[in-house]
Amino acid sequence: MSKAEPPSTSASRNKRHIIIGVSIAVLAIGSGLTAYFVTKNNTITSPGSEATATPTGNPTTPSPSQRKKLFGYWGQAAVSNGVGPLGMGTRPAPPASQEQKMLRVYCDTGLYDSINLAFLYSFGGGDGSWGIDFGYVGPGNPQGNGFFGRYSVGAGGVVSADTNQTLFAEIGRDITYCQGKGVKVVMAIGGDQSSPYKWSTGDGKRYANLWYNSFLNGTTDATAPRPFGKAVLDGLQLDIETTGQGWIQEMVDFMVTIKKLSPGSIYSIVPECQSGQVKDQDLNTGPVIQDPSVHLDYIIIQYYNNPTCSYPFGFNYATWKTYFKGPIALGLASDESSAITGGFLNPGQLQAVLDMVSSDSQFYGISLYDVSSGSAPFSNYSSTVRSALDGKRVGSGYPAQGARTSQSDWRSACGGQWNYVNQTCGVYPPCNPDNSCSDTNQLCFHFLSKC
Ligand SMILES: *[C@@H]1O[C@H](CO)[C@@H](O)[C@H](O)[C@H]1NC(C)=O
Ligand SMILES: *[C@@H]1O[C@H](CO)[C@@H](O)[C@H](O)[C@H]1NC(C)=O
Ligand SMILES: *[C@@H]1O[C@H](CO)[C@@H](O)[C@H](O)[C@H]1NC(C)=O
Ligand SMILES: *[C@@H]1O[C@H](CO)[C@@H](O)[C@H](O)[C@H]1NC(C)=O
């Protein structure tokens, strides 16, 4: 989800965390996806619609164990994206007071059940190297951009000299603090497809062993680097948004191995709602999710990045229920600029979606990308979502969506208010006339704004 780039100067910093519209993006829409749209209809008619254990008593105050989960991504400073209604770089940098804050600030809100640390963005290739990128964290420099939150480990477990270990130790203390407040903290592995991660032969087992020692209760290597010190993360999550030869098997190996090493930790996968252009399923992680030897505590489906399978253009929760029988959370954007390919639902739309899924036995909660753009003082969307998950109506809802066939249908579906910005390859370059990008690691996509 994030575009992690080499260290940049503070002048270019605001562009660093632009969230790239991972995966197929809207590029496919003009060309191949028409048939897909036409057949989409959004009613959830699955058999699993018996009511969940609805909390009794006041619906706005379920006990913590009963309540639907609110997940939040932390680390990518989505509030600093700079994506305005007219595209990249058209929103001024937020004031320092709104920059991404230290983790504990978000745990103190009491809104989140779980934080996904984003991202362990770099790994693979056989030498055991890996790296974390949390963007800029906390009130650091005069521009309010914070301290550089990157932790890099080279071959042989050597921590790179430009890593701010003081900052990471502080994040470690925040993790323990959050856990003390009942908030789970898991490491999200992967992110945006242009990030430098890959699964080479043997990497699955290799990283299961390395990260068991670096993030979990690992006991097989006392010298392993531990970015967060003594803090033990609650689990690990795979957010792999591209693929390569043998990757599926490596990810299966990773999941099976890590589960064996630390059976009590929490494991999840975050597929895109649909990144394959033929099937509904995410082809990058779908086969891992469905592998019978892989045991996941839940999945979070990214209902951003791919408008074709997201509300209101083809919300495919029912389809995912056929792929995965466990708890399912919906991944949404915290505001219109957090994920440039959409995924933000205003309260009315949010209510419409919850009306469709909240009585489904597999519905587990909502995950927001990210906490910085969903929290005060920038917004209080996370508290809106929390209330909605707790059973309070936050909007009037909308009628069920119909099939969509084209951009202009989208516009009419939005009452003429569809706010569509032209395609881009990422931070600066526009797409080539043929919808390709000069940087072959990037995809051409459209920024979908408010409906
Ligand atoms: C590292 O982070 C800490 C905050 O935890 C900060 O005080 C310090 O100045 C940072 N060091 C560098 C070199 O940025
Ligand atoms: C890690 O080990 C400690 C000490 O043995 C134990 O108290 C704790 O519950 C373990 N945590 C996990 C997540 O397994
Ligand atoms: C936060 O929510 C309240 C309603 O609960 C609303 O009145 C207020 O304007 C919201 N604040 C922001 C910054 O969105
Ligand atoms: C998008 O492209 C169309 C046609 O090329 C142009 O008329 C329009 O101004 C562009 N919109 C934006 C926001 O750049």
Side-chain angles (χ1 to χ4, degrees), residues 2-18 72-82 93-109 112 115-123 129-154 157-181 183-189 191 195-196 211 214-216 223-234 370-373 375-378:
S2 99
K3 175 148 175 63
E5 291 165 7
S8 56
T9 63
S10 57
S12 66
R13 196 256 353 160
N14 283 324
K15 304 287 158 50
R16 263 190 86 246
H17 298 289
I18 295 287
Y73 279 87
W74 178 86
Q76 284 300 309
V79 72
S80 309
N81 274 352
S97 65
Q98 292 179 5
E99 288 281 355
Q100 169 171 270
K101 301 185 178 56
M102 287 299 282
L103 180 58
R104 67 170 57 212
V105 172
Y106 304 104
C107 296
D108 273 339
T109 64
Y112 297 99
I115 298 287
N116 305 319
L117 300 176
F119 286 98
L120 201 171
Y121 78 110
S122 159
F123 62 87
S129 60
W130 52 271
I132 295 171
D133 182 354
F134 288 153
Y136 287 84
V137 183
N141 65 33
Q143 292 168 298
N145 293 343
F147 301 107
F148 187 47
R150 189 170 289 193
Y151 192 105
S152 308
V153 178
V158 178
V159 180
S160 129
D162 68 357
T163 294
N164 185 337
Q165 299 209 43
T166 310
L167 176 63
F168 274 83
E170 206 175 325
I171 297 169
R173 288 191 289 277
D174 278 14
I175 290 168
T176 305
Y177 174 83
C178 291
Q179 291 168 330
K181 299 200 129 200
V183 180
K184 309 272 190 226
V185 183
V186 314
M187 177 58 80
I189 296 161
S195 295
W211 294 337
S214 288
F215 299 117
L216 305 178
T223 67
R226 288 190 68 89
F228 310 119
K230 285 200 236 55
V232 175
L233 295 184
D234 293 285
D370 70 6
V371 295
S372 71
S373 57
S375 300
F378 184 72

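Indexing begins at 1, ligand by ligand and atom by atom, following the structure's order.
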I'd like to know if the side chain of Asn116 reaches the main chain of Ala188, judged simply by a donor and an acceptor atom lying under 3.5 Å from each other, with no hydrogens or angles considered.
no
Side chain Ser372, main chain Ala78, donor-acceptor under 3.5 Å:
yes
Residue, atom name and distance, where the atom is the protein heavy atom closest to atom 9 (O) of ligand 1:
Phe147 CE2, 3.4 Å
Ring-plane angle category for Trp130 and Trp211, please: parallel below 30°, perpendicular beyond 60°, tilted otherwise.
perpendicular
Nearest neighbour in protein (non-hydrogen) for atom 12 (C) of ligand 1:
Asn164 ND2, 3.3 Å
Of the protein's non-hydrogen atoms, which lies at the shortest distance from atom 5 (O) of ligand 1, and what is that distance?
Glu170 OE1, 2.6 Å
To the closest 0.5 Å, what do you measure between CG (Leu117) and CG (Asp133)?
12.5 Å
